[in-house]
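Read the structure below first, then the notes.
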Amino acid sequence: MTTERPAPPLTGGEREMLRTFLDFHRATLAMKCDGLSDEDLRRASSPPSTLSLLSLVRHMAEVERTWFRRVINAEDIPLRWSDEGDFQAAYDASSSTRAEAFEAWQAEVEQSRKIEEAAESLDVTGHQPRWGEDVSLRLVMLHMIHEYARHNGHADFLREAIDGVTGA
């Protein structure tokens, strides 16, 4: 399995750049998981942390779902792994599989893309209840790039500890 990663443009409009950088980071997370077994993906390879590559994929499914569907699209839907709204539940990948986690994540990414593409502009707003504030699609896309970049740094360490593979 080999993940294709888009090359972000060097020039272009704001929306195209945000969209492509977000897809670049999404693909980077998938690349960090390429070629690993379910057991490897579940492995907490950097003790004492309990974080695993599969838990990152599950977490990012929740993040995509929350920011695009719940905040921007105002969908009244629960989290994928917790009816009680516990964001930490996604991190428990102890009984998860690549198929389960990636299916959820890819479905949420697809929904996120549809919502972003349908939005009239980056100035479209949604309500973020945790902050008690309205936020723009621009902020959501920037936040998502930040979220992926931060967790892709974690994925670098986790992958290297599993099999020595570095770079992406």
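No hydrogens, no waters, no symmetry mates; every other heavy atom, side chains included, goes into these values. Keep in mind it's a predicted model, so treat the numbers as computed, not measured.
A salt bridge does not link Arg58 with Asp92: every distance from a Lys NZ or Arg NE/NH1/NH2 to an Asp or Glu carboxylate oxygen is 4.0 Å or more. Salt bridge annotation for Arg80-Glu62: absent, with no cationic side-chain nitrogen under 4.0 angstrom from a carboxylate oxygen.
At a threshold of 4.5 Å between non-hydrogen side-chain atoms, the residues Cys33 and Val57 count as touching. By the 4.5 Å heavy-atom criterion applied to side chains, Ile162 and Lys32 are not counted as neighbours. Between Leu18 and Leu142 the shortest side-chain heavy-atom distance falls below 4.5 Å.
Among the candidates Trp105, Phe87, Tyr91, Tyr148, the single residue satisfying the ring pair (Phe, Tyr, Trp, His ring centres under 6.0 Å) test with His59 is Tyr91.
Between the side chain of Asp38 and the main chain of Arg98, a donor-acceptor pair closer than 3.5 Å is present. Of the possible donor and acceptor atoms, one in the side chain of Ser45 sits under 3.5 Å from a partner among the backbone N and O of Leu158. Counting only distance, with no hydrogens or angles, the side chain of Asp156 and the backbone of Thr166 share no donor-acceptor pair below 3.5 Å.
Under the 4.5 Å side-chain heavy-atom criterion for ILVMFWY residues, no single connected hydrophobic cluster contains both Phe157 and Leu36.
Atom CD of Glu75 is surrounded by more than 12 heavy atoms from other residues, nucleotides or ligands within 6.0 Å. The number of heavy-atom neighbours closer than 6.0 Å to CD of Glu39, taken from other residues, nucleotides and ligands shown, is 12 or below.
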